Amino acid sequence: MKREVPLSKVRNIGIMAHIDAGKTTASERILFYSGKTHKVGEVHEGAATMDWMEQERERGITITSAATTLIWKGHRITLIDTPGHVDFTAEVERSLRVLDGAIALFCAVGGVQPQSEKVWRQSEKYNVPKIAFVNKMDRVGADFFRVVEEIHEELGANAVPVVVPLGREDQFRGIIDLIRMKAVYFDQENLGRDFREEDIPPDKMEKANKWRAFLVEKCAEQGDDAILEKFVNTGDLSQEEILSILRRATMAGRVVPVYCGSAFKNKGIQHLLDGVIHCLPAPDEIPPIICAKEAEKNRRNPSDDDPFSALAFKIMADRHMGKLTYIRIYSGVLHSGATVFNSTRNKPQRVGRILRMHANRQEPVEVAYTGDIVAIVGLMDTKTGDTICSESHPIHLESIEFPSPVISISIAPEGQADSEKLSHALARLADEDPTFLVSFDTETSETIISGMGELHLEIIVDRLRREFGVHARVGRPEVAYRETATLPAQYAYKHVKQSGGRGQYAHVCLELEPLGPAGGFDFVNAITGGRIPAEFIPSVEKGIIAAMQSGTFAGYPVVDVRVTLTDGSFHEVDSNDFAFREAGRACFKELFRRSQPELLEPIMSLEVTAPDEFMGPVTSSICQRRGRIETMEQQGQDKVIRAMAPLSEMFGYSNTLRTLTQGRGNFTMHFERYEAVPFAIAEQIAKRRIAENKVR
């Protein structure tokens with residue numbers, strides 16, 4: 001079966017932004033203008049196509065990334081609408097891992113906000129080319145040029161406007177296309193589907209000429225010698241030259257073209273779509289995949305003729321289809337019913353059905369090609385980040401790293417009938433979401449669920465009730481504290497047991513060294529002369545890792561330390577794996593106790609927006625929660641406070657802020673780093689843990 005659209009006319013893009021910047025509204029207009037839908041779905045009415053979950057429609061926010069495919073001017077665009085709330089950052093991470101380009105969407109009033117910066121950095125990690133869209137130009141306080149400046153200063157991007165607005169706020173009428181030098185007005189009688197081009201109004205010509213000159217100069221900087229010479233001689237470039245240079249420079253990450261409009265008022269979206277096909281790369285324009293382990297042998301070109309390779313980037317539970325595995329195909333062709341190889345887990349698996357997704361609706365297809373993003377039914381043993389490939393040509397693609405959870409709650413079924421259903425449902429949800437973890441506390445016989453924030457866990461519990469019919473009781477939120485060492489230490493331990501017959505003997509000498517923030521765990525084997533046989537060294541490490549699961553200060557996991565095995569001894573008869581594992585565990589416990597351990601807590605970056613008149617109570621409330629105010633800026637009629645605050649003090653802050661500001665304040669918060677807990681508070685936490693019998 002021949003592919004319908006040439007690979008050069010395929011685009012895989014995502015929309016990323018801060019919460020409430022208008023991503024889903026922009027997605028709905030893209031679907032409408034491309035003919036994918038025939039009715040505009042509004043977020044505020046709970047009718048958005050891409051926000052298909054009940055929880056999304058009730059709250060008016062995006063929770064899970066939704067994919068769809070549409071046609072624009074002969075190009076097939078696969079679009080992924082990602083969440084803006086920091087609790088669902090994993091959805092952004094895995095989407096950006098498989099996309100070839102992205103639309104970075106900014107609010108014309110809010111500009112570059114905390115989550116804007118976070119998702120931008122995520123895209124930079126995967127070298128994703130971007131175009132920018134400044135949305136909400138009709139809002140009071142909208143300022144296109146201020147946002148362009150913020151993109152340049154705060155994100156370090158070479159932001160180049162390709163269009164500029166005609167008016168602002170309630171006077172926003174359309175845009176000026178700087179490439180074609182035309183004023184564009186959108187017909188509101190048919191929801192902006194039609195637009196007309198006219199000469200630029202005389203009173204706007206000076207501004208248009210200024211920004212056209214800026215655009216041409218930036219393009220000349222990115223062009224070759226011939227382009228630069230033409231610019232020096234004539235001061236201008238042709239439309240074709242500008243588009244060609246913009247495309248190359250955008251794909252190389254040297255330029256970010258900036259568009260503007262108002263998705264809600266149906267203005268500017270068609271030109272944004274033109275920007276997608278003009279500036280963002282096709283799958284055959286991204287570099288070939290090379291597995292570092294075997295270099296050229298495992299090279300995959302983005303071509304239907306190369307061996308099949310794909311990355312599983314998302315798992316979703318569907319009540320009718322069962323488990324859906326979303327994959328991005330990097331090379332080759334996949335047929336329905338084919339047998340593929342999971343090289344991550346070393347397992348062959350059979351493809352049941354191939355589905356092209358439109359949010360939660362499915363379109364079966366028989367064949368998927370290079371560059372396609374599709375869902376597969378039948379890959380039961382595949383997890384997020386696994387590589388799927390041809391068994392005769394195995395390859396390992398770079399997986400996806402996700403942040404660790406920062407908040408936990410206990411959960412228990414309301415009745416005996418819910419017990420088995422709860423275990424099954426939690427396993428399904430953990431399979432879907434790599435930032436959602438389930439564990440069991442043996443001391444208290446409690447099931448503990450952990451996530452990225454209060455909203456994340458609130459959605460999980462709500463999904464348990466609605467999707468799986470499980471009614472559960474939840475405990476109070478628990479912060480994911482950590483323990484670390486502050487001083488080097490050393491200790492020797494002998495594990496000796498004799499109870500008739502063969503005994504147990506293991507002797508280890510360990511040294512501990514603090515590694516500092518984000519240092520992780522490092523085990524060093526410094527044994528020489530065969531003092532401990534090589535086969536027992538991994539057992540010592542396993543014992544240390546087991547002991548690190550609960551530190552000696554308050555029973556929380558130990559992080560950021562290096563442990564060196566320096567010496568030891570063994571017995572030819574009584575030494576075994578178990579003995580050395582126990583020696584490693586017991587030795588580390590005492591070693592860590594001697595290192596003056598301290599408790600670490602997650603620190604959140606906080607941004608609070610509220611009217612001037614409430615600044616006193618708002619700043620006081622932040623300080624009372626051990627927050628440190630870093631900056632305070634004016635934004636229209638509001639003040640914006642940026643602060644750092646411990647997560648443990650921020651539970652229930654949304655209600656407090658509403659009360660203090662008469663419902664007019666709002667805030668966003670995301671995890672920044674771990675810091676030491678003040679000693680007096682750390683002592684209280686340790687005492688509470690002991691009282692609850694949680695210290696192992």
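The first residue in the sequence is number 1, and the count goes up from there. Because the structure is a prediction, the values reported are computed rather than measured. Scope of the values below: all heavy atoms of this structure, side chains included, with no hydrogens, waters or symmetry mates.
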Does the pair Lys314/Glu432 count as a salt bridge with the N-to-O cut at 4.0 Å?
-> no

To the nearest 0.5 angstrom, please state how far the CZ atom of Phe553 sits from the OG1 atom of Thr484.
-> 12.5 Å

Would you confirm whether Arg353, through its side chain, and Val377, through its main-chain N or O, come within 3.5 Å as a donor-acceptor pair?
-> no

Is it true that Asp81 and Lys23 make a salt bridge, defined as a side-chain N closer than 4.0 Å to a carboxylate O?
-> no

Gly551 to Val558 - nearest heavy-atom pair and separation = CA-CG2, 3.6 Å

With sequence neighbours left out, the residues meeting ring-ring contact (aromatic ring centres under 6.0 Å, His included) with Phe592 are Phe588

By ring-ring contact (aromatic ring centres under 6.0 Å, His included), which residues pair with Phe614, not counting sequence neighbours?
-> none

Under 3.5 Å, is there a donor-acceptor pair between the side chain of Thr25 and the main chain of Phe264?
-> no

Atom pair CD1/CD1 of Ile80 and Ile103 - distance to nearest 0.5 Å | 12.0 Å

Under a 4.0 Å N-O cut-off, is there an ion pair linking Glu633 with Arg642?
-> yes

Do the side-chain N and O atoms of Lys130 and Ser123 include a donor-acceptor pair separated by under 3.5 angstrom?
-> yes

Looking only at heavy atoms, what is the nearest atom pair of Gly451 and Leu457, with distance?
-> N-CD2, 3.7 Å

Is the closest side-chain donor-acceptor distance between His358 and Thr68 under 3.5 Å?
-> yes

Is the closest side-chain heavy-atom distance between Val618 and Ile641 below 4.5 Å?
-> yes

Who pairs with Asp431 by salt bridge (charged side-chain N to carboxylate O under 4.0 Å, His left out), at least two apart in sequence or on another chain?
-> Lys323, Lys383

Could you tell me which non-hydrogen atom of Ala17 sits nearest to which non-hydrogen atom of Val119, and how far apart they are?
-> N-CG2, 4.1 Å

Side chain of Asn135, backbone of Ala26: donor and acceptor closer than 3.5 Å?
-> no

Would you kindly say whether Thr382 and Arg345 are connected by a side-chain donor-acceptor distance under 3.5 Å?
-> no

Return the set of residues passing side chain to side chain contact (heavy atoms under 4.5 Å, CB included) with Val147 (not counting sequence neighbours), or none when no residue passes.
-> Phe106, Val134, Ile151

Taking every non-hydrogen atom, the tightest pair across Arg625 and Phe651 = NH1-O, 3.6 Å

Assess whether salt bridge (Lys or Arg N to Asp or Glu O under 4.0 Å) is satisfied between Glu675 and Arg628, documenting all intermediate values.
-> CA-CA 13 Å; Glu675 287 184 4; Arg628 303 190 303 272; 3.2 Å; yes

Quick one: list whatever passes salt bridge (charged side-chain N to carboxylate O under 4.0 Å, His left out) with Arg356, sequence neighbours left out.
-> Asp372

Decide side chain to side chain contact (heavy atoms under 4.5 Å, CB included) for Val438 and Thr447; before the verdict, give the C-alpha distance in whole Å, the side-chain angles of both, and the deciding distance to 0.1 Å.
-> CA-CA 7 Å; Val438 182; Thr447 298; 3.9 Å; yes

Would you call Ser605 and Met644 a side-chain contact if the rule is heavy atoms closer than 4.5 Å?
-> yes

Tell me, do Ile354 and Ile376 make a side-chain contact under 4.5 Å, heavy atoms counted?
-> yes

Under the ring-ring contact (aromatic ring centres under 6.0 Å, His included) test, which residues partner Phe313, sequence neighbours left out?
-> none

Between CG on residue Leu422 and CG on residue Leu464, distance to nearest 0.5 Å | 6.5 Å

Applying ring-ring contact (aromatic ring centres under 6.0 Å, His included) to Tyr481 and not counting sequence neighbours gives Tyr556

Please confirm whether the backbone N or O of Thr387 pairs with a side-chain atom of Thr344, one donor and one acceptor, at under 3.5 Å?
-> yes

Decide side chain to side chain contact (heavy atoms under 4.5 Å, CB included) for Val677 and Ile685; before the verdict, give the C-alpha distance in whole Å, the side-chain angles of both, and the deciding distance to 0.1 Å.
-> CA-CA 10 Å; Val677 180; Ile685 294 169; 4.2 Å; yes

Positive for side-chain contact (heavy atoms from CB on, under 4.5 Å) with Leu79, one of Ile13, Leu99, Val276 = Ile13

Student check: side-chain heavy atoms of Glu91 and Thr82 closer than 4.5 Å | no

Who are the side chain to side chain contact (heavy atoms under 4.5 Å, CB included) partners of Ala412, not counting sequence neighbours?
-> Arg473

How would you list, by chain and number, every residue that makes a side chain to side chain contact (heavy atoms under 4.5 Å, CB included) with Arg139, sequence neighbours excluded?
-> Val109, Lys136

Between OG on residue Ser621 and CG on residue Leu657, distance to nearest 0.5 Å = 7.0 Å

Rounding to 0.5 Å, atoms CD1 (Ile77) and OG1 (Thr69) come to a distance of 10.0 Å

Student check: side-chain heavy atoms of Met16 and Leu96 closer than 4.5 Å | yes

Considering only heavy atoms from C-beta outward, does the side chain of Met357 approach that of Val374 to under 4.5 Å?
-> no

Any pair counted as side chain to side chain donor-acceptor pair (under 3.5 Å), so long as it reaches residues 98-110, sequence neighbours left out | Asn12-Asp100, Asp100-Arg328

Do the side chains of Val128 and Trp120 get nearer than 4.5 Å, heavy atoms only?
-> no

Output the distance between atom CG (Leu437) and atom CD1 (Ile449), rounded to the nearest 0.5 Å.
-> 10.5 Å

Are there more than 12 heavy atoms of other residues, nucleotides or ligands under 6.0 Å from atom CD of Glu420?
-> no

For Glu117 and Val112, indicate whether the former's side chain and the latter's backbone hold a donor-acceptor pair under 3.5 Å.
-> no

Is it true that Arg626 and Glu649 make a salt bridge, defined as a side-chain N closer than 4.0 Å to a carboxylate O?
-> yes

Does the side chain to side chain contact (heavy atoms under 4.5 Å, CB included) test come out yes or no for Arg463 and Leu429, once each step is laid out?
-> CA-CA 9 Å; Arg463 289 186 65 190; Leu429 292 171; 3.5 Å; yes

Asp560 side chain to Gly520 main-chain N or O, any donor-acceptor pair under 3.5 Å?
-> yes

Which is it for Ile459 and Phe436 under the side chain to side chain contact (heavy atoms under 4.5 Å, CB included) test, yes or no, and what are the steps along the way?
-> CA-CA 11 Å; Ile459 295 295; Phe436 171 63; over 6 Å; no

Determine yes or no for a side-chain-to-main-chain donor-acceptor pair under 3.5 angstrom, with Thr78 supplying the side chain and Ile373 the backbone.
-> no

For Glu598, check salt bridge (charged side-chain N to carboxylate O under 4.0 Å, His left out) against everything at least two apart and list the hits.
-> none

Please confirm whether the backbone N or O of Ser343 pairs with a side-chain atom of Asp386, one donor and one acceptor, at under 3.5 Å?
-> no

Taken in chain and number order and not counting sequence neighbours, the residues that satisfy side chain to side chain contact (heavy atoms under 4.5 Å, CB included) with Thr384 are Arg94, Ile315, Ile400, Phe402, Pro434

